Trainee: 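Take a look at this one; I'll ask things after.
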2 protein chains.
Amino acid sequence: MVELSERQKFILTLVIHEYIRTAQPVGSQALVARYNLTISSATVRNEMAVLTEYGLLRQPHTSAGRVPTEEGYRYFVSRLIRATDLPDTTRRTISHQFYQMRHDVEQWVRLAASVLAHQSRAASLVTPPHPEKARLKHLELIATRGRQVLMVLVMVGGEVRQRILTLNEPVAQELLSQSADRLTQLFQGQDVEGIRARTSQLSGLDADVIAWVIEDMIEANSEVAGEVYLDGLTNVLAEPEFTGSEEARRALRILEERSLLQDLAARTVMSNTVGGIQVLIGGEGTWDELRPWSIVLGSYGAPGLATGTLGVLGPLRMSYGRAISTVRFLSGLLSDLVAETLFDEPLNYKGENLS
Amino acid sequence: MVELSERQKFILTLVIHEYIRTAQPVGSQALVARYNLTISSATVRNEMAVLTEYGLLRQPHTSAGRVPTEEGYRYFVSRLIRATDLPDTTRRTISHQFYQMRHDVEQWVRLAASVLAHQSRAASLVTPPHPEKARLKHLELIATRGRQVLMVLVMVGGEVRQRILTLNEPVAQELLSQSADRLTQLFQGQDVEGIRARTSQLSGLDADVIAWVIEDMIEANSEVAGEVYLDGLTNVLAEPEFTGSEEARRALRILEERSLLQDLAARTVMSNTVGGIQVLIGGEGTWDELRPWSIVLGSYGAPGLATGTLGVLGPLRMSYGRAISTVRFLSGLLSDLVAETLFDEPLNYKGENLS
DNA sequence: GTTTAGCACTCGAAGGGCGAGAGTGCTAAA
DNA sequence: TTTAGCACTCTCGCCCTTCGAGTGCTAAAC
């Protein structure tokens, strides 16, 4: 990437700011007027011509103002953006809200999505914490009807999975409970491999049940994120680039398409990384449907144990600074909560968040 | 409501059909031409004038065609609509899909929302089955970290609730399990009142835990529907009445506003009822945000045990026939699944659905 | 060499005018 | 009671013009 002069960087930054603010192509005179620049519009025009040459800006048509290209945004995000933190009072307020409802993981996730959407004024996406490798904590079998049995699987880290089994023949609750206790004793803390290694010892009901358990744990491992919580869809529809009906529909299809979001959440290697936060601009060439979108992604959780993803989805001209700082803050906050509440781990971020 | 002549009813029906099809005001000549009517356009015009007088049709402006009013739709839905069933092959296909995944309630709900959205070509809403009065089936306590304990509550009917408790002092898993077993033994099958009546016998850990259990069960009772599953949002944005950006935004706000949907799901008494299905047209005067919407609602489940809601949301000119028949069919199908899988109940609808 | 004033040129957005077409209500005849 | 005929109305789409913001280029100023 070409090296820019300080003045060129400055002008690129101003253009991007102004375009984010107004959603209109930015002209040289307008820029000089609005920011009281000490240089003339002709100079700005010359610099803009250079930036256009470099592919960082473009003109929608001759004799229009300039608009940042994807490259321009990338340059801005990776080299020019100033990492600002959320104001102290805001952080305190948000922390407070989370610590109010520390008893329900689902509520954290919902709240995180809501806060993220509000702060970034875009759409947000949050997945619940999900074990990287499922380890069994507890197994419960509950008779419902005839051969139908409700199996409740609690994983280390608190994830609860349930499914309905159909046994070959009815079994009394008494026997089910005994089997569940035996299996819990035997396999507590084990992952799929650990369990598989010792299934040969089992027989009868125990063997049947453990086969279901293994199947479910494999499913749990292969899932990257079960549910994806969304919020702020309306924010994004309010943006002028999505007001046309066709664009709006396409936008919503993206947000409704769970598999895409899951792919997204699964994505770990990305082109631009800012302090653990990944910024995906315009689909980065590979995701065609995401052309008009930018995505700021972060992850949270206890590394190696359970992690989740959170992110902001907005138009290319979204407010990257705000999105990044909010994602970063929430990522730390949720990591604290997970570590503190679900695992017996030291708190990594607490000091940073609350001080 | 005024009594209409057969011909007037016929014309009203045609106008509504045509308007649903084209989303354009319907003119007299167009109607005659399209349906090969044996009466002249002048006659149709006269009848239309009468229907307009009655408030069933209206003109967007003088010298435009006619559009149904809310009253017109209501008349149509309550008195003119022909209840058609889904084609046999469709029903079979759908049933098959459901019986494929009988092991996971969440998946039923998700599938129901998807099918409903596809069949009705509008947005759909489905809530999971929720006990009308929570009765305890099973209690489990799992130590996580220090004083933190994960409480898993299984209700009769299979609903699982989890929350994180903070005890006064750390307690070993051994003791927690014993307490959980004791309490399960003692209170199995009981509702909140039943449990409350005998709490005085308890002390120590058991007393603390049961207080949490009661609190959670009260919460369960007060919730009408926990999660609301949506699908088909894009269908609705494709409709011409929601293409403008302002309308689209408002539409999405409705669908994003969970509380409104929950209110809706809670609503049991409605003005127009068709075979157990409730049709809410244009907010029925009381819900202002719903002015441009119609909603077809049904419920399912095992009465007195656990019920859920499912519905279709679309523009006023949605295809009521299709929506109603799909809701009715799925309502029966889900009721079967719930009764068959979650409760030991005879199957009420099975014959109807699969024959 | 860099910056800036001046200027001709370009192009989209906004507004006005116009004709076409669909639809109505009314009247009078069938 | 129904229908043909007719004058009238109103929207929609189209074209045209104007307006103004913005550009690139050139030559002068710093």
Side-chain angles (χ1 to χ4, degrees), chain A residues 4-12 14-19 21-69 72 240-241 243-245, chain B residues 4-12 14-19 21-69 72 240-241 243-245:
Chain A
L4 301 184
S5 73
E6 284 308 310
R7 192 169 66 188
Q8 285 163 349
K9 291 180 188 170
F10 182 58
I11 288 179
L12 177 58
L14 288 188
V15 169
I16 290 179
H17 266 127
E18 190 63 6
Y19 184 63
R21 206 178 61 85
T22 64
Q24 299 292 332
V26 181
S28 53
Q29 308 159 49
L31 210 57
V32 171
R34 170 141 236 278
Y35 294 97
N36 293 320
L37 300 186
T38 55
I39 53 181
S40 76
S41 67
T43 311
V44 174
R45 262 201 302 284
N46 289 333
E47 297 289 34
M48 280 177 163
V50 175
L51 292 171
T52 307
E53 182 116 350
Y54 290 164
L56 301 175
L57 296 180
R58 70 185 169 83
Q59 292 176 280
H61 54 86
T62 18
S63 90
R66 299 309 210 284
V67 167
T69 61
E241 33 271 88
T243 48
S245 71
Chain B
L4 301 185
S5 73
E6 285 307 311
R7 192 168 67 187
Q8 286 164 346
K9 291 180 187 170
F10 182 58
I11 288 178
L12 177 58
L14 288 188
V15 169
I16 290 180
H17 266 127
E18 190 63 6
Y19 185 62
R21 207 177 62 85
T22 64
Q24 299 292 330
V26 181
S28 52
Q29 307 158 50
L31 211 56
V32 171
R34 168 141 237 279
Y35 294 98
N36 293 319
L37 300 186
T38 54
I39 52 180
S40 78
S41 68
T43 310
V44 173
R45 264 202 301 285
N46 287 334
E47 297 289 34
M48 280 177 162
V50 176
L51 292 171
T52 306
E53 183 116 349
Y54 289 163
L56 301 175
L57 297 180
R58 72 188 168 81
Q59 292 176 280
H61 53 86
T62 19
S63 90
R66 298 307 208 284
V67 167
T69 61
E241 33 270 88
T243 49
S245 70

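These figures come from a predicted structure and were not determined experimentally. Chain letters run A, B, ... following the sequence lines, proteins first and then strands; every chain starts at 1.
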Trainee: Over all strands shown, is Ser41(B) touching base, sugar-phosphate only, or nothing at heavy-atom distances under 4.0 angstrom?
Mentor: nothing
Trainee: Paired with dT17(D): which nucleotide, if any, by Watson-Crick or G-U wobble criteria at under 3.5 Å for both distances?
Mentor: dA14(C)
Trainee: Assuming nearest nucleotide by heavy-atom distance, tell me which of Gly65(A) and Asn46(A) is located more 5' along DNA chain D.
Mentor: Gly65(A)
Trainee: Of the candidate nucleotides dT4(C), dG23(C), dG22(D), which contains the atom at the shortest distance from the side chain of Ser40(A)?
Mentor: dT4(C)
Trainee: Output yes when at least one side-chain N/O atom of Gln59(A) is less than 4.0 Å from OP1 or OP2 of dG24(D), else no.
Mentor: yes
Trainee: dA21(D) phosphate, OP1 or OP2: any side-chain N/O from Arg45(A) under 4.0 angstrom?
Mentor: no
Trainee: Picking from dC11(C), dT11(D), dT24(C), which would you name as closest to the side chain of Gln29(B)?
Mentor: dT24(C)
Trainee: Measure distances between side-chain N and O atoms of Ser63(A) and base N and O atoms of dT10(C), and say whether any donor-acceptor pair falls under 3.5 Å.
Mentor: yes
Trainee: For the side chain of Ile39(B), starting at C-beta, report the closest nucleotide among dG12(C), dT3(C), dT3(D).
Mentor: dT3(D)
Trainee: Is there a side-chain polar atom (N or O) of Arg66(A) under 4.0 Å from OP1 or OP2 of dG22(D)?
Mentor: no
Trainee: Can you tell me how far the OG1 atom of Thr43(B) sits from the CG atom of Leu37(B), to the nearest 0.5 Å?
Mentor: 10.0 Å
Trainee: Is Thr62(A) close enough to dT23(D) that one of its side-chain N or O atoms is under 4.0 Å from OP1 or OP2 there?
Mentor: no
Trainee: Could you identify the nucleotide paired to dA30(C), looking across every strand shown and requiring Watson-Crick or G-U wobble geometry with both distances under 3.5 Å?
Mentor: dT1(D)
Trainee: Would you say Thr43(B) places a side-chain N or O within less than 4.0 Å of OP1 or OP2 belonging to dT2(D)?
Mentor: no
